[in-house]
Amino acid sequence: MLRALRKEPERRYGSVQALREDIDRHLAGLPVRARGDSVWYRSRKFVQRHGTSVAATALVAITLAAGVIATVAQARRAETERALAEQRFRDMRSLAGTLVSEIHDVIVDLPGALPARITLVTRALEHLQRLDQQAGDDRALQREIATAYVKLGLVQGNPSGANLGDLAAARASFARALSIGEELVAADSTDRAARRTLALAHEKLSDAEAWLGDMPEALEHARSALEQWQLLAVDSSASVAPQRAVAMSHIKLGDVLGSPNLPSLSDAAAATAEYREALALLDVLPRDSLGDWATRRLLALVHERLGSMLDQAGRHAEAKAQFGQAIAVREGLVRERPASVDALRDLAVAHQLMCEAQLTGGDATGALERCRRSLAIYESLRAANPGNSQSLRDLALVACQ
């Protein structure tokens, strides 16, 4: 009402009607014109008129703001927890993969390593299977699981390496790896890692089936393995490993067809053809690859297989020449790796084969010396790893000669 009392006429109300209107507006809670038109004044008057509604609206706004803040905080926590879970998943997967693909492979050739191998592979496979339940369609993880099944099968009952002698369990593990490999290759035929796993599973299943007496199944898997290795080698002509794998697969097929020293279908001609094919493949490898451990080991194996076929055919002198070449290579490998179980057993086998050829060729004295060398190595391997079914079988075989 101070405006009505102003000394300056121009600052007072212009008429009684204007004063009356401001009085009415004041009584109605509306902004009076005498106070001007500031935002703060108009807002205060609005709040005074609509106090309940404004309070309710403010409460809703505060609640919404608090909800937004809580949601953002919760989302950040969830993101952090998800990142931690993903990191734990990667760490566990890396650990399991390391156990199977690195640590196991480092100790596989050491004397007495069989118990550690079975523990490593079993634990790793358990972890991988748990991860598989969380990962969904993770092809790389599936490949790792298939690889673990192959390694487990090798420990359980690999006829050509240190094992626990449980061929039935080995066959089941190889079959599981094969099933996973087939699914992966069917989904992506360009997946070379999956195809390698598939080839290896066929190869090991062939070994297991042969020793379990199912030769038709062994032959089918041997041929399937060769087909897969050949497909892998097509685009890798400059690489030694795929070509060497094909050569090895020809040897495996030859073993099933007609090796006289292994379960076979007794087709000597077909077996010899496969062994010669393997030798021809090795002969065309780059010369520097002949310095490679795996290549030399395979080369010695081919000479042994051909020597056995010649000895069976009564061509003892030629057989001994082949075995002599094999022994020379094997002795060199043992000198390079004197603690290698594979190298030592390979040399024992070569001496044993020479013993047999000398014996059938009429050289009993030479045969006795060779068998003694073979027996000494087998006994040392057996002493280092008593649970190894392979060394027990080796001892029994050479002792019966």
Side-chain angles (χ1 to χ4, degrees), residues 159-160 199-200 202-204 206-207 210 215-216 218-234 236-330 332-333 342 346-347 349-354 356-358 360-361:
S160 58
L200 191 59
H202 275 302
E203 185 176 287
K204 298 308 175 184
S206 176
D207 289 341
M215 298 312 301
L219 180 61
E220 181 179 345
H221 285 299
R223 284 176 170 159
S224 295
L226 177 58
E227 179 183 356
Q228 297 301 323
W229 289 124
Q230 287 173 328
L231 288 172
L232 285 166
V234 168
S236 306
S237 57
S239 177
V240 170
Q243 308 303 320
R244 187 171 57 221
V246 173
M248 184 67 206
S249 196
H250 277 291
I251 295 173
K252 290 283 190 181
L253 179 55
D255 290 347
V256 174
L257 287 168
S259 170
N261 302 314
L262 299 168
S264 76
L265 295 167
S266 301
D267 188 341
T272 300
E274 295 298 330
Y275 297 147
R276 294 200 178 282
E277 180 65 26
L279 184 59
L281 288 171
L282 292 173
D283 281 341
V284 299
L285 290 180
R287 291 295 93 192
D288 57 353
S289 70
L290 294 179
D292 179 79
W293 169 276
T295 300
R296 283 182 290 155
R297 190 177 177 214
L298 191 57
L299 190 60
L301 182 63
V302 173
H303 285 306
E304 290 167 359
R305 292 297 197 266
L306 288 171
S308 292
M309 303 310 297
L310 291 166
D311 192 46
Q312 183 186 42
R315 297 159 63 179
H316 306 302
E318 294 174 75
K320 287 188 287 185
Q322 292 286 341
F323 293 141
Q325 292 184 65
I327 288 172
V329 175
R330 300 295 193 197
L333 295 175
D342 285 338
D346 287 346
L347 181 57
V349 170
H351 282 309
Q352 182 182 345
L353 292 171
M354 179 67 88
E356 294 170 1
Q358 290 173 319
T360 55

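In this structure, Leu253 and Leu219 approach most closely via the heavy-atom pair CD1-CD1, 3.6 Å. When all heavy atoms of His303 and Ala326 are compared, the pair lying nearest together is CB-CB, 4.1 Å. Residues Gln228 and Ala199 share a closest heavy-atom pair of CB-CB, 3.5 Å. Looking at every heavy atom in both residues, Leu257 comes nearest to Ser264 through C-CB, 4.1 Å. Listed here is the closest heavy atom pair of Ala247 and Ala278: O-CB, 3.4 Å. In terms of heavy atoms, Lys320 sits closest to Ala357 at CG-CB, 3.8 Å.
Summarising the local packing, CZ of Arg296 is surrounded by more than 12 heavy atoms from other residues, nucleotides or ligands at distances under 6.0 Å.
Contact annotation: the side chain of Leu306 never approaches that of Glu318 to less than 4.5 Å [non-hydrogen atoms, C-beta and beyond]. With contacts defined as side-chain heavy-atom distances shorter than 4.5 Å, the pair Leu200/Lys204 qualifies. A 4.5 Å side-chain heavy-atom check between Leu310 and Arg305 finds every atom pair outside the cut-off. Within the 4.5 Å cutoff, the side chain of Leu281 has heavy atoms near those of the Glu277 side chain. With a 4.5 Å cut-off on side-chain heavy atoms, Asp255 and Asp207 do not count as touching. Counting only heavy atoms from C-beta outward, the side chains of Glu203 and His221 never approach each other to under 4.5 Å. Looking at Leu226 and Met248, their side chains never come closer than 4.5 Å, going by heavy atoms from C-beta outward.
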Go through the steps for Glu227 and Arg223 under the test side-chain contact (heavy atoms from CB on, under 4.5 Å), then give the verdict. CA-CA 6 Å; Glu227 179 183 356; Arg223 284 176 170 159; over 6 Å; no
Could you give me the CA-CA distance, side-chain angles and deciding distance for Val240 and Asp292, then say whether side-chain contact (heavy atoms from CB on, under 4.5 Å) is met? CA-CA 10 Å; Val240 170; Asp292 179 79; 5.7 Å; no
Test side-chain contact (heavy atoms from CB on, under 4.5 Å) on Glu356 and Phe323 and set out the steps. CA-CA 10 Å; Glu356 294 170 1; Phe323 293 141; over 6 Å; no
List the steps, then state whether side-chain contact (heavy atoms from CB on, under 4.5 Å) holds for Leu353 with Asn261. CA-CA 9 Å; Leu353 292 171; Asn261 302 314; 3.5 Å; yes
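Within the model, atoms CZ of Arg244 and CH2 of Trp229 stand 10.5 Å from one another, a figure rounded to the nearest 0.5 Å. Rounded to the nearest 0.5 Å, atoms CG (Leu301) and CG (Leu279) are 11.0 Å apart. Atom CD in Gln230 sits 7.5 Å away from atom OG in Ser249 (nearest 0.5 Å). Atoms CG and CG, from Leu333 and Asp346 in turn, are 7.5 Å apart once rounded to the nearest 0.5 Å.
By the ring-ring contact (aromatic ring centres under 6.0 Å, His included) test, His351 pairs with no residue at all, sequence neighbours left out.
If you check the side chains of Asp311 and Thr360, you find a donor sitting under 3.5 Å from an acceptor.
Between Arg330 and Glu304 there is a salt bridge, since at least one side-chain N of the basic residue sits less than 4.0 Å from a carboxylate O of the acidic one.
The backbone N or O of His202 lies less than 3.5 Å from no partner atom in the side chain of Ser206, so there is not a single donor-acceptor pair. For Tyr275 (side chain) and Met309 (main-chain N/O), no donor-acceptor pair under 3.5 Å exists by modelled atom type.
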